[in-house]
2 protein chains.
Amino acid sequence: MTDRFVSNFTNRLDAKGRVSIPSSFRAVLAKDGYEGLYVHPALDLAAFDAGGHALRKTIDDILARFSPFSEEWESLSTALNGTSEVLKIDPEGRIMLSEALKAHTGIVDTVTFVGHGHKFQIWEPQRFQAHLDAAKAKLRDVKRALSSQALSPGGVAGA
Amino acid sequence: MTDRFVSNFTNRLDAKGRVSIPSSFRAVLAKDGYEGLYVHPALDLAAFDAGGHALRKTIDDILARFSPFSEEWESLSTALNGTSEVLKIDPEGRIMLSEALKAHTGIVDTVTFVGHGHKFQIWEPQRFQAHLDAAKAKLRDVKRALSSQALSPGGVAGA
DNA sequence: TGGGTCTTTATGGGCGTCAATGGAATCGAG
DNA sequence: CTCGATTCCATTGACGCCCATAAAGACCCA
């Protein structure tokens, strides 16, 4: 139960710009053992990816698929490594959002944390809602494709 | 007998918004061994799917088909991981329904639990009744198709 | 088979604990 | 000394855990 980021939570920034990481996410991070919170802008989205060692590993794995001299490697590494930050987590489990993070996400005074298994994302609530609606539509398509192959997520139960 | 969710039960929410998971379902969950109750909205139904490891695995399997950081992975994970929740089960076998769950299902003060083998569904009783009627009508069609099909090999299309 | 009892399950409520948040105090670099 | 950052303490409300009760059913026995 405490080894994956799931669900979504919306918390408020206080006057100093601090915001609490949801308790269940903190539990996952504690297990992961990373010092601080590793974050980088999500590719093509107005969100940040966040996590610990598990997230770092997926980044390294992705980069390992390309030759270190290729253009793909260069641009991916720039996006994933070059613009990442490590946010400090205070004793109450709060973080301070950098200006870059707020600018990229459009966050003003409310933050939505979205679980993605090995990582989670940081969104401005309204933008997340829009993104979620789009994702649901996409899931419908994929589900239709998959169900013709006898594997369905939330549809008819097999036996 | 205790490894599949079967039958349906209707229980009431108490003043604190708690509701008892049917005893026979608790027995299945205990066997599954998952900590808490894993739930996510059914895509095209006003219901939630609920279960343990078995349900969780169907989601992981779907995501495993895509590469992390791909657009497909992102949106599927948003819809699946981002809207899943892990509800705590109290010592009496009760859960608290989240606001998201109540909103999606239309549940106010009564809940219907419906067994689906490896998972079960959570419904607002009236809506479930309507859904059941529709399912029965559909079943008649399937039976008719089956009987007029005599004994030829091959499968019957799913829902 | 009928009656009585014990067990289980659903449900209600009290209370302590923790999480989210706010603000004060402390620290450190310039 | 001052500003910003970091840690420490306080508040409030939600939630988890404990115990109580009622109703239903299982079980036992004559």
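All of these numbers come straight from a predicted model, not from anything done at the bench. In what follows, chains are A, B, ... by sequence order, proteins preceding strands, each numbered from 1.
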Show each protein N/O and nucleotides 20-27 of chain D N/O combination with a separation under 3.5 Å, one pair to a line.
none

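In this structure, CE of A:M96 is placed 12 Å from P of D:dT7, rounded to the nearest angstrom. Across the protein-nucleic acid pair, A:D14 atom CG and D:dC9 atom P stand 18 Å apart, rounded to whole Å. Atom CD1 in A:I21 sits roughly 13 Å away from atom P in C:dA19 (whole-Å rounding).
Of the residues A:F120, A:F113, A:F25, the one that meets the ring pair (Phe, Tyr, Trp, His ring centres under 6.0 Å) test with A:F9 is A:F25.
Side-chain to base pairing of B:R18 with C:dG13: one donor and one acceptor N or O lie within less than 3.5 Å of each other.
In this structure, A:I95 reaches neither bases nor backbone, as no heavy-atom distance under 4.0 Å exists between it and the strands shown. Contact annotation for B:R12: backbone-only contact, meaning every heavy-atom pair under 4.0 Å involves sugar-phosphate atoms and none involves a base. Using a 4.0 Å heavy-atom distance criterion, A:R94 is classed as a base contact. Nucleic acid contact for B:S20: base, since at least one base atom lies under 4.0 Å from a heavy atom of the residue.
Under a cutoff of 6.0 Å and an axis angle of 45°, A:K119 and B:F69 form a cation-pi pair.
B:F128 and B:W123 have tilted rings, their planes meeting at an angle from 30° to 60° on a 0 to 90° scale.
Between the side chains of B:S98 and B:E85, at least one donor N or O lies within less than 3.5 Å of an accepting N or O. A side-chain N or O of A:H53 and one of A:D32 form a donor-acceptor pair less than 3.5 Å apart.
For the pair A:K16 and C:dG22, the criterion of a side-chain N or O lying under 4.0 Å from OP1 or OP2 is not met.
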